[in-house]
Amino acid sequence: MAVIRTYIIYKVKKMYQPFIIGREKLLFELLIQNNVKQCNMREVDYLCEKLDVEHIHEVIVGNLAKQFTAIEVRNGEYKLTHPVKGSILISLSAYTLNVCCDGSRMLDLDLFVSLSGSDDRFFAVMGDIGEWGWLKPVRYTDFSTREERVFL
């Protein structure tokens, strides 16, 4: 029996990504709190970008159409089906991609690779099991730390 996995994916603003690196658990807790309240809290508005619907459509339809046998688009929702892997249901809100994967974990990987190929600032949470992370692993060398000198 396949386990259905649900993800909520946000896009962190570029200027705040270096600040969040190393503080992902705090971001996770904030995003879970936002989801429980079912509203867009000021902090989420401050740290996360509103999603560009056209860009997301290009990523989903353009990149994933090659890997799935059927893609249905209805009222801003996407259903992608693969005969062996299973299906993905994606809905959009202002700040989130709400994803439900039913089948192989390869579905998750296909989606994550497509999204992370378009931008490295996507952050996913699985609140029901307490997991979170960047869709594209962060290279710490990308965010150089400045040496600070303290004179006493």
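Reckoned from all heavy atoms, side chains included, excluding hydrogens, waters and symmetry mates.
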Residues 80-88, side-chain donor-acceptor partners within the protein, below 3.5 Å, at least two apart:
residue : atom : partner : partner atom : Å
H82     : ND1  : V84     : N            : 3.1
H82     : ND1  : K85     : N            : 3.0
K85     : NZ   : D110    : OD2          : 2.7

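Within the model, atoms CG of D102 and OG1 of T6 stand 11.5 Å from one another, a figure rounded to the nearest 0.5 Å. Rounded to the nearest 0.5 angstrom, L51 CG and I56 CD1 are separated by 5.0 Å. Atom CD1 in I9 sits 7.5 Å away from atom CD1 in I90 (nearest 0.5 Å). To the nearest 0.5 Å, atom CG of residue L92 and atom NZ of residue K50 are 14.0 Å apart. Rounding to the nearest 0.5 angstrom, the gap separating the OH atom in Y7 from the CG atom in N98 is 13.5 Å. Expressed to the nearest 0.5 Å, how far CZ of F28 lies from CD of E131 amounts to 9.0 Å.
Here the shortest heavy-atom pairing between C48 and K13 reads O-CE, 3.4 Å. Across all non-hydrogen atoms, the minimal contact from V61 to V73 is CG2-CG2, 4.5 Å. Considering every non-hydrogen atom in both D120 and Q17, the closest pair reads O-NE2, 3.3 Å.
Connection of I71 to L115 is established within a shared hydrophobic cluster, with ILVMFWY side chains joined at heavy-atom distances below 4.5 Å, either directly or through further cluster members. L26 and L30 fall into different hydrophobic clusters, where Ile, Leu, Val, Met, Phe, Trp and Tyr are joined by side-chain heavy atoms under 4.5 Å apart, directly or via other members. When hydrophobic clusters are built by joining Ile, Leu, Val, Met, Phe, Trp and Tyr residues whose side-chain heavy atoms come closer than 4.5 Å, directly or via intermediates, F112 is not grouped with F123. No single ILVMFWY cluster, assembled from side-chain heavy atoms under 4.5 Å apart, contains both M126 and V44. Under the 4.5 Å side-chain heavy-atom criterion for Ile, Leu, Val, Met, Phe, Trp and Tyr, V12 and L135 are members of distinct hydrophobic clusters.
Listed by first then second residue, pairs satisfying salt bridge (charged side-chain N to carboxylate O under 4.0 Å, His left out) with a partner in residues 67-83 read E72-R74, not counting sequence neighbours.
Among residues two or more places apart in sequence or in another chain, the side chain to side chain donor-acceptor pair (under 3.5 Å) test is passed with W134 by E24. Applying the ring-ring contact (aromatic ring centres under 6.0 Å, His included) criterion to H57, with sequence neighbours excluded, gives Y78. For F68, there are no ring-ring contact (aromatic ring centres under 6.0 Å, His included) partners, not counting sequence neighbours. By the salt bridge (charged side-chain N to carboxylate O under 4.0 Å, His left out) test, R23 is found to be paired with no residue, residues two or more places apart in sequence or in another chain being considered. Listed by chain and number, the residues in a ring-ring contact (aromatic ring centres under 6.0 Å, His included) with Y16 are Y46 (sequence neighbours excluded). Residues satisfying the ring-ring contact (aromatic ring centres under 6.0 Å, His included) criterion with F122, sequence neighbours excluded, are absent altogether. Applying the side-chain contact (heavy atoms from CB on, under 4.5 Å) test to N63 and every residue at least two apart in sequence or in another chain returns V59, S114. Annotation: side-chain contact (heavy atoms from CB on, under 4.5 Å) contacts of K25 (sequence neighbours excluded): E29, W132. For D119, the salt bridge (charged side-chain N to carboxylate O under 4.0 Å, His left out) criterion is met by K11, R121, not counting sequence neighbours.
Applying the under-4.5 Å side-chain rule to Ile, Leu, Val, Met, Phe, Trp and Tyr, the cluster around V113 extends to M106, L109.
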For side chain to side chain contact (heavy atoms under 4.5 Å, CB included), just list the numbers for V99 and C101, CA-CA rounded to whole Å, side-chain angles, deciding distance to a tenth of an Å, and then say yes or no. CA-CA 6 Å; V99 179; C101 297; 3.8 Å; yes
Evaluate the side chain to side chain contact (heavy atoms under 4.5 Å, CB included) criterion for residues Y10 and L27: first the C-alpha distance (whole Å), next the side-chain angles of each, then the deciding distance (0.1 Å), finally the verdict. CA-CA 11 Å; Y10 293 83; L27 179 60; over 6 Å; no
